[in-house]
Amino acid sequence: MDGPHGAAVSAEDFGLKGPRGWAFRSVDVAAEPGALVAIEGPSGSGRTCLLLALAGRMRATEGSAEVAGLPLPRRMAAVRRISALGPVPGVSDLDPALTVAEHLRERALLQRHFDGSLRALLRPRAQRAATARERVEEALAAAGLDLSALPKQERTAVRDLERLEELRLSVALALISRPRLLAVDDADLKLSDTERAEAWALLRSVADGGTTVLAVCSQAPDEAVLVSTRAGTAPDAGTDADDPGTTDTDPDTDPTDTDPDTDEEGPADAIAETGRA
């Protein structure tokens, strides 16, 4: 698919503090347009919160970041307009009862009615429908999802899809809007070694097409730009005594704290807020 020019992503000392402590902290990112960025870390390390913050879906509380030259968190709405979410549990889940075709029709309809220009909306209905079909076909091709190979073709329910097929569908749905940035959570979750290689090949091909890809994973591929949320890999963001925003004396904000409430429930609370929004 001829994708749009990707969005450069940069961050310095980027952090987000939730109700129960830091979801992530002291994160630096430097990625060129069209890069494949792997956010690597164990579950509970704030990797999904970082993904959503860089995609303009969560408000960071520390440091600075830019996506396509748009500063975060000040221009979150603008970043949301140029980015799209692939699979993010609790935020962009697919409906298991709906078929593949129903998901595609719904996303194309939303794209046509709510994300198009006024000029596009004034085009004849047949022309708008043809444009929507073209976008869906391009997205399916880019995601490598062959509807004829599914158990019931496009009438296959999401609950009957294999994990890799569901990933491809989620990516295809996101690409219908032709985003400059694609965010994917749990890219390698519950996949065999062969399937994991296929998943990364898919995301690499999307990036090669011009769309910057952010992907959360437990183990990053060699060719990706690595951003780690593992404990101890980033410097302490609160070591500067002259910084009025430092919180060195508060043990709950220590990024090396291994308390399970801080590591697990902080990101979980923040994701729940995003899901409700």
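Residue numbers count from 1 along this sequence. Keep in mind that the numbers below use all heavy atoms, side chains included, and drop hydrogens, waters and symmetry copies.
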_Can you list everything that forms a side chain to side chain contact (heavy atoms under 4.5 Å, CB included) with A183? Sequence neighbours excluded, please._
L51, A55, L85
*asked:* Once rounded to the nearest 0.5 Å, what's the spacing between atom CD of E40 and atom CD of Q219?
replied: 7.0 Å
_Single-linkage hydrophobic cluster, 4.5 Å side-chain cutoff, L173 and V206 together_ = no
*Is there side-chain contact between E138 and L175, with heavy atoms separated by less than 4.5 Å?*
no
_Are F14 and V216 connected into the same hydrophobic cluster when the rule is that any two of I, L, V, M, F, W, Y join if their side-chain heavy atoms are below 4.5 Å apart?_
yes
*asked:* Could you check whether any side-chain heavy atom of D13 comes within less than 4.5 Å of a side-chain heavy atom of D28, counting everything from C-beta outward?
replied: yes
*May I ask you to list the residues sharing a hydrophobic cluster with L226, side-chain cutoff 4.5 Å, ordered by chain and number?*
none
*Main-chain N/O of G86 paired to S92 side chain as donor or acceptor, under 3.5 Å*: yes
_Please determine whether residues L202 and L182 belong to a single hydrophobic cluster, defined as Ile, Leu, Val, Met, Phe, Trp and Tyr linked transitively by side-chain heavy-atom distances below 4.5 Å._
yes
_What's the separation between atom CD1 in I176 and atom CG in L140, rounded to the nearest 0.5 Å?_
7.0 Å
*Minimum side-chain heavy-atom gap V27-I39 below 4.5 Å*: no
*Whether R47 side chain and G41 backbone form a donor-acceptor pair below 3.5 Å*: yes
_Checking A199 now: which residues fulfil side chain to side chain contact (heavy atoms under 4.5 Å, CB included) with it, not counting sequence neighbours?_
L164, L167, L191
*Can you check whether L16 reaches L50 side chain to side chain, under 4.5 Å on heavy atoms?*
no
*Got a sec, which residues hit salt bridge (Lys or Arg N to Asp or Glu O under 4.0 Å) with D193, two or more places apart in sequence or on another chain?*
R196
*Where is the tightest heavy-atom contact between V225 and A30, given as atom of each residue plus distance?*
CG1-O, 3.9 Å
*Can you tell if the side chain of V100 reaches within under 4.5 Å of the side chain of L161, non-hydrogen atoms only?*
yes
*Search all heavy atoms of A97 against all heavy atoms of A157 and return the closest pair with its distance.*
O-CB, 4.5 Å
*Interatomic spacing from CZ in R25 to NZ in K17 - rounded to 0.5 Å*: 7.5 Å
*Is a side-chain N or O of T212 found less than 3.5 angstrom from the main chain of A7, in a donor-acceptor match?*
yes
*Hey, any chance F24 and V88 share a hydrophobic cluster, counting ILVMFWY side chains that come within less than 4.5 Å of each other, even indirectly?*
yes
_If the condition is salt bridge (Lys or Arg N to Asp or Glu O under 4.0 Å), which residues does D208 pass it with, not counting sequence neighbours?_
R204
*What are the two closest non-hydrogen atoms of C217 and W200, and how far apart are they?*
CB-CZ2, 3.5 Å
*Atom of L72, atom of G56 and distance for their closest heavy-atom approach*: CD2-CA, 4.3 Å
*Can you check whether M76 reaches R59 side chain to side chain, under 4.5 Å on heavy atoms?*
yes
_T48, L214, L52 screened by side-chain contact (heavy atoms from CB on, under 4.5 Å) with D185, the one that passes_ = T48
*Could you give the distance from OG (S10) to CD (E32), rounded to the nearest 0.5 Å?*
9.5 Å
_Any heavy-atom pair between the side chains of S170 and L94 that's under 4.5 Å?_
yes
Would you tabulate the side-chain donor-acceptor contacts of residues 144-154 under 3.5 Å, counting partners in other chains and residues two or more places apart, or write 'none'?
{"unit_1": "D146", "atom_1": "OD1", "unit_2": "S148", "atom_2": "N", "d": "3.2"}
{"unit_1": "D146", "atom_1": "OD1", "unit_2": "S148", "atom_2": "OG", "d": "2.6"}
{"unit_1": "D146", "atom_1": "OD2", "unit_2": "S148", "atom_2": "OG", "d": "3.3"}

*In Å, rounded to the nearest 0.5 Å, how long is the span from OG1 of T156 to CD of E165?*
8.0 Å
*asked:* Tell me whether L54 shares a hydrophobic cluster with M58, the cluster being built from Ile, Leu, Val, Met, Phe, Trp, Tyr side chains joined at under 4.5 Å.
replied: yes
*asked:* Let me confirm one number: the CZ-CD distance from R168 to E198, rounded to the nearest 0.5 Å.
replied: 6.0 Å
*Which atoms form the tightest heavy-atom contact between P33 and G6, and what is the distance?*
CB-O, 3.2 Å
_Minimum heavy-atom distance V136-A108, with the two atoms named_ = CG2-CB, 4.0 Å
*Are R57 and V91 close enough, and set up right, to give a side-chain contact (heavy atoms from CB on, under 4.5 Å), and what steps lead you there?*
CA-CA 10 Å; R57 270 73 176 181; V91 180; 5.6 Å; no
*Beyond-backbone contact of D186 with R163, side-chain heavy atoms, under 4.5 angstrom*: yes
